[in-house]
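Read the structure below first, then the notes.
Start at 1 and go down the list; that is how both ligands and their atoms are numbered. Predicted model, so just to flag it, every value in this text is computed and none were measured.
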Amino acid sequence: MTTQAFGRTRDGCEVELITLKSKHIECMLTTYGAAIVSIKTRDSKGEIRDVVLGFDSVDAYERQDKYIGATIGRCANRISGASFTLNGETYRLEQNEPPNHLHGGGKGFDKRVWTPHPIQDGVRFTLSSQHLDGGYPGFMDTEVRYTLNGRELIIRYKAVSDMDTVCNLTNHSYFNLDGHDGGTTILDHMMKLYGRAFTPVTGYECLPSGRIVPVDGTPMDFRSFTGIGAHIDDGYDQLRFGNGYDHNWVVDGELGSLRPAAEVYSPNSGILLRVSATLPGIHFYSGNYLDGCPCGKGNTMYYKRCAFCLETQFFPDAPNQPGFPQPILKKGEPWEHTTILRFEVHEIRY
Ligand code: BGC
């Protein structure tokens with residue numbers, strides 16, 4: 001692990017840039033938002049490609065509102081009505097996507113400066129969050145560990161609280177397996193999701209109805225490799241509501257066991273990303289609202305659908321959906337989950 005100064009936040013906090021290296025991957029992270037800044041790996045021709053979106057300055061990280069690369073907390077995705085009830089108490093959160101709450105609010109964990117600690121093959125970021133921070137109950141200590149192991153970037157989350165609370169941590173990286181600056185969209189990428197069912201939304205607010213619906217016969221069926229762009233503009237209601245894909249799939253298998261969740265392959269670069277996780281869901285977002293602002297690394301403009309996110313998570317609005325697995329961190333019991341991003345190179349994959 002090597003560390004260098006990245007700059008200062010508007011209120012004067014020092015921010016660092018940390019580099020991890022394995023034989024196959026070089027990954028840069030920042031203490032601002034415990035975010036992934038870059039992931040460099042070789043394509044099928046041996047050329048190095050940086051396959052995630054990111055920014056060159058702390059100022060751009062402070063200004064961006066797309067959660068690019070960041071750790072999301074306390075709760076990923078939306079909470080309807082920006083409130084939930086736990087143990088008989090109702091908690092009100094910031095309506096940063098009125099009238100709902102998105103990704104922990106406008107000053108969620110993605111907008112905090114985390115403390116870095118070197119560990120074997122990686123770094124551990126820690127953050128303390130006060131009782132009622134953002135409206136959430138309980139004093140919560142959080143850590144995110146990033147380690148490299150050959151072709152894998154392993155992300156381990158751990159949180160503890162002195163009261164029962166809601167906790168749903170994820171990473172919000174945007175990937176383009178041809179490179180963040182390749183000038184291409186992700187519509188030609190081929191994707192497989194290990195999800196036989198998804199959680200449909202009720203309308204343009206992208207809130208789940210609470211139902212869990214099989215993907216059979218719908219454009220949500222990615223059980224075998226399918227082009228991301230193959231059906232994205234079909235006149236299917238769910239895709240109209242999301243302006244493309246912006247949905248949660250139920251990952252096959254058992255919550256808590258590490259199992260495959262997704263694979264994405266670029267026929268152009270030959271890079272294959274495999275995502276596995278212990279979490280119950282995976283949110284596939286096709287970058288529908290990227291709008292070029294602020295400018296990305298090396299002055300690259302990040303436009304609509306130039307990258308995709310695969311956020312391993314508890315389902316959206318789960319605190320208000322009793323039929324969904326609950327993202328509850330119990331007082332004194334650690335909340336622990338793992339996501340692994342594995343980068344391989346293949347000539348033909350489907
Ligand atoms: C959400 C999108 C949102 C994006 C950026 C995704 O996780 O599902 O609706 O636009 O994050 O905020």
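Using a 4.0 Å cut-off to heavy atoms of Asp246, the atoms of ligand 1 that qualify are 1 (C), 2 (C), 8 (O), 9 (O). Within ligand 1, counting atoms from 1 as listed, the ones closer than 4.0 Å to a heavy atom of Asn77 are 8 (O). Listed by number with element, the atoms of ligand 1 under 4.0 Å from a non-hydrogen atom of Tyr174 are 5 (C). Interface of Tyr289 with ligand 1, defined as ligand atoms under 4.0 Å from a residue heavy atom, comprises 10 (O). Counting the atoms of ligand 1 from 1 in the order shown, those under 4.0 Å from a heavy atom of His103 are 1 (C), 6 (C), 7 (O), 11 (O), 12 (O). If you number the atoms of ligand 1 from 1 as listed, the ones under 4.0 Å from a heavy atom of Tyr67 come out as 12 (O). For ligand 1, the atoms lying closer than 4.0 Å to a non-hydrogen atom of His172 are 4 (C), 6 (C), 7 (O), 11 (O).
Residues Tyr91 and His101 place their aromatic rings such that the two centres sit no closer than 6.0 Å. The ring of Phe125 has its center no closer than 6.0 angstrom to the ring center of Phe109.
Closest heavy-atom approach to atom 3 (C) of ligand 1 within the set Arg78, Gln64, Lys66: this belongs to Arg78. Checking His247, His283, Glu311 against atom 7 (O) of ligand 1, the nearest heavy atom belongs to Glu311.
Counting only heavy atoms of the protein, atom 4 (C) of ligand 1 lies nearest to Tyr285 CE2, 3.7 Å.
Here the closest heavy-atom approach between residue Ile36 and residue Leu153 is recorded as CD1-CD2, 3.8 Å.
Heavy atoms of Asn288 found under 4.0 angstrom from ligand 1: none, in either backbone or side chain. If you look at Tyr245 next to ligand 1, there are no close heavy atoms at all, none under 4.0 Å.
Looking at heavy atoms from C-beta onward, Tyr146 lies out of side-chain contact with Cys27 at the 4.5 angstrom threshold.
Paired with Glu263 under the rule side-chain hydrogen bond (donor to acceptor under 3.5 Å, both in side chains), one option of Arg342, Arg274, Lys192 passes, and it is Arg274. For the side-chain hydrogen bond (donor to acceptor under 3.5 Å, both in side chains) with Gln313, the qualifying choice from Thr339, Thr170, Asn248 is Asn248, the only one to do so.
Salt bridge status for Asp133 with Lys107: absent, with no side-chain N to carboxylate O gap under 4.0 Å.
Taking the side chain to side chain contact (heavy atoms under 4.5 Å, CB included) definition, one finds that Thr19 meets it with Thr2, Gln4, Lys21, Glu26, Met28, sequence neighbours left out.
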